[in-house]
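The structure appears right after this line, and notes come after that.
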Amino acid sequence: MRIATWNVNSVRQRLTPLLAFLKETAPDVLCLQELKCEESAFPRMEVEDAGYNVILHGQKTFNGVAILSKHPIEESRIGLPDFDHEGQSRYIEAVISHDGGALRVASIYAPNGNPADTPKYDYKLAFMEALTRHAATLLQLEEATVLAGDYNIIPEPCDVHDPAAWASDALFLPQSRKAYRRLLNLGYADALRAVTDDAGLYTFWDYQAGAWQKNKGIRIDHLLLSPQAADRLEGVEIVKAMRAGEKPSDHVAIFAQLG
DNA sequence: ATGCCAATTAAGAATTGA
C-alpha cells in the first residue's frame, strides 16, 4: 500500500504532470492540496479514466483538497470538527478499503500564516489546534491512519537550508514548531523521520531567486502515521525529480509505503 | 530591506503563497 501526498499548486495547471505521476508511480492513494478550483472545474473524468476514485473539497481560487484512490472509498468527512474554517477548504478525510483491510487517510492543507503578526497567524494556530483535537479523537479508533498533506511547518533546523533566514517566518516560528510537536506527541510518527535522520531532505523549493537550482528548500509536506500505520511502514520516498519537470509545482510528492 | 516567480481573477493590477 503506497500513499502519496502532493501540493499541486492548481490542479488545472498541473493536469499533465498529475496524469504522468499517476501513470508512472501508481500510488494506491494520492492526497492533493491547493486544487485552486471549485469541484465543478476539477478534471474528474481524466482522473477517473486514469483508474482513480476521487473525493474532494474544492474552492474558487484558493486552497482545495482531494483524495484519489485506486481502491473503494467507504466513508468520508469534509472539514475539521468544531472549527470555523471561514470558507477555506483545507481538510478531507476518507476510509479506503483494500484487501479486506481499511486505511483512514486525511488530505490536509494547513494555513501558511504569514505575516506572523496578523490574524493569518492566529488562524494557522487555530487550525493546528483543531487538527490536533481531531487527531486525538482518531487515535482512539486504534486504526491505521495517515494524516498527509502540506502542514506549512518546518519541524526542525535540519529541515531547512538556512534556519536563520527562516527564524521569523510563520513556517518556522517556535509556536508553529510546537504545534507540530504537539501533534506528534499524541502518538503519531513523522514517516520520514521514522526512517532517516538525514538533513536537507526537502519537499518545497520556491519559484523565486533560483531556489531550486541552489537547493534552497524546506520540508513542509508530511505524512503522520498512527501507531497501527507506523508499525507497517516499510519506506518513504520524496519524489525530488518532479521539481525539475515541465511546469512543476513548487512542491514535490512524498510517498509512504505500508506493508 | 525588497524583489525575485507563479497562479487566479479578470481585463490591469492586486492578492496569495512560503
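Throughout, a chain's letter reflects where its sequence line sits, starting with A, and its residues are numbered from 1.
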If the [atom1] atom of [N] is compared with that of [M], how far apart are they to the nearest Å?
{"N": "B:dA10", "M": "B:dT16", "atom1": "P", "answer": "15 Å"}
{"N": "B:dG12", "M": "B:dA7", "atom1": "C1'", "answer": "16 Å"}
{"N": "B:dA14", "M": "B:dC4", "atom1": "P", "answer": "13 Å"}
{"N": "B:dA6", "M": "B:dT2", "atom1": "P", "answer": "22 Å"}
{"N": "B:dG3", "M": "B:dT15", "atom1": "P", "answer": "13 Å"}

(request) Report yes if the distance between the aromatic ring centroids of A:His134 and A:Tyr91 is under 6.0 Å, otherwise no. (result)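 Between A:Tyr91 and A:His134, which both carry aromatic rings, the centre distance is below 6.0 Å.
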(message) I need the single residue from A:Tyr202, A:Phe204, A:Trp205, A:Tyr151 that forms a ring-ring contact (aromatic ring centres under 6.0 Å, His included) with A:His251. Which is it?
(response)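 Checked A:Tyr202, A:Phe204, A:Trp205, A:Tyr151 against A:His251; only one passes ring-ring contact (aromatic ring centres under 6.0 Å, His included): A:Phe204.
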Roughly how many Å is it from [atom1] in [X] to [atom2] in [N], rounded to a whole number?
{"X": "A:Trp212", "N": "B:dC4", "atom1": "CH2", "atom2": "C1'", "result": "18 Å"}
{"X": "A:Trp205", "N": "B:dA6", "atom1": "CH2", "atom2": "P", "result": "16 Å"}
{"X": "A:Asn114", "N": "B:dG3", "atom1": "CG", "atom2": "C1'", "result": "16 Å"}
{"X": "A:Asn9", "N": "B:dT8", "atom1": "CG", "atom2": "P", "result": "8 Å"}
{"X": "A:Gln33", "N": "B:dA7", "atom1": "CD", "atom2": "C1'", "result": "17 Å"}
{"X": "A:Gln59", "N": "B:dT16", "atom1": "CD", "atom2": "P", "result": "12 Å"}
{"X": "A:Glu38", "N": "B:dT8", "atom1": "CD", "atom2": "C1'", "result": "12 Å"}
{"X": "A:Lys124", "N": "B:dT16", "atom1": "NZ", "atom2": "P", "result": "16 Å"}

(request) Return each pair, listed once, that meets salt bridge (charged side-chain N to carboxylate O under 4.0 Å, His left out) where at least one residue sits in residues 135-156 of chain A; pairs must be two or more places apart or across chains. (result)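 Of all non-adjacent pairs touching residues 135-156 of chain A, those that pass salt bridge (charged side-chain N to carboxylate O under 4.0 Å, His left out) are A:Arg104-A:Glu143, A:Glu156-A:Arg177.
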(request) Scan for salt bridge (charged side-chain N to carboxylate O under 4.0 Å, His left out) pairs involving residues 236-256 of chain A, sequence neighbours excluded, and state none if there are none. (result)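 Every candidate salt bridge (charged side-chain N to carboxylate O under 4.0 Å, His left out) pair involving residues 236-256 of chain A fails, so no pair, neighbours aside, qualifies.
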Remember a base hit wins even if backbone is also touched, and classify [X] as base, sugar-phosphate or nothing at under 4.0 Å, heavy atoms.
{"X": "A:Asn63", "result": "nothing"}
{"X": "A:Asp150", "result": "sugar-phosphate"}
{"X": "A:Asp169", "result": "nothing"}
{"X": "A:Tyr109", "result": "sugar-phosphate"}

Side-chain polar contacts of residues 26-35 of chain A - donor-acceptor pairs under 3.5 angstrom, sequence neighbours left out - could you list them?
residue: A:Asp28; atom: OD1; partner: A:His71; partner atom: NE2; Å: 2.8
residue: A:Asp28; atom: OD2; partner: A:Arg2; partner atom: N; Å: 2.7
residue: A:Gln33; atom: OE1; partner: A:Thr5; partner atom: OG1; Å: 3.4
residue: A:Gln33; atom: OE1; partner: A:Asn7; partner atom: N; Å: 3.4
residue: A:Gln33; atom: NE2; partner: A:Thr5; partner atom: OG1; Å: 2.9
residue: A:Gln33; atom: NE2; partner: A:Ser107; partner atom: OG; Å: 3.1
residue: A:Glu34; atom: OE1; partner: A:Tyr109; partner atom: OH; Å: 3.4
residue: A:Glu34; atom: OE2; partner: A:Asn7; partner atom: ND2; Å: 3.1
residue: A:Glu34; atom: OE2; partner: A:Tyr109; partner atom: OH; Å: 3.4

(request) Identify, between A:Asp206 and A:Val11, the residue whose nearest nucleotide on DNA chain B lies closer to the 5' end. (result)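 Going by which nucleotide is closer to the 5' end, it is A:Val11.
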(request) Could you check A:Arg12 against A:Ala209 and say which one's nearest nucleotide on DNA chain B is further toward the 5' end? (result)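 Checking each residue's closest nucleotide, the 5'-ward one belongs to A:Ala209.
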Please produce a list of atom pairs where a protein N or O lies less than 3.5 Å from an N or O of nucleotides 11-15 of chain B.
none

(message) Which residues pass the side-chain hydrogen bond (donor to acceptor under 3.5 Å, both in side chains) test with A:Ser69, not counting sequence neighbours?
(response)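 Residues passing side-chain hydrogen bond (donor to acceptor under 3.5 Å, both in side chains) with A:Ser69: none at all.
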(message) Can you list everything that forms a side-chain hydrogen bond (donor to acceptor under 3.5 Å, both in side chains) with A:Asp169? Sequence neighbours excluded, please.
(response)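 If we apply the side-chain hydrogen bond (donor to acceptor under 3.5 Å, both in side chains) test to A:Asp169, skipping adjacent residues, the hits are A:Asn114.
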Considering just the side-chain nitrogens and oxygens of [X], establish if one lies under 4.0 Å of OP1 or OP2 belonging to [N].
{"X": "A:Ser10", "N": "B:dT8", "answer": "yes"}
{"X": "A:Lys247", "N": "B:dA6", "answer": "no"}
{"X": "A:Gln208", "N": "B:dG17", "answer": "no"}
{"X": "A:Arg14", "N": "B:dA6", "answer": "no"}

(request) Indicate yes or no: at least one non-hydrogen side-chain atom of A:Val105 is less than 4.5 angstrom from one of A:Glu93. (result)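 No - every pair of side-chain heavy atoms lies 4.5 Å or more apart.
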(request) Could you check which of B:dT9, B:dT8, B:dT16 has an atom nearest any side-chain atom of A:Gln13? (result)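 Of all the options, the side chain of A:Gln13 is nearest to B:dT8.
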(request) State the OG1-CD distance between A:Thr16 and A:Glu46, to the nearest 0.5 angstrom. (result)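 Rounded to the nearest 0.5 Å, the OG1-CD separation comes to 9.5 Å.
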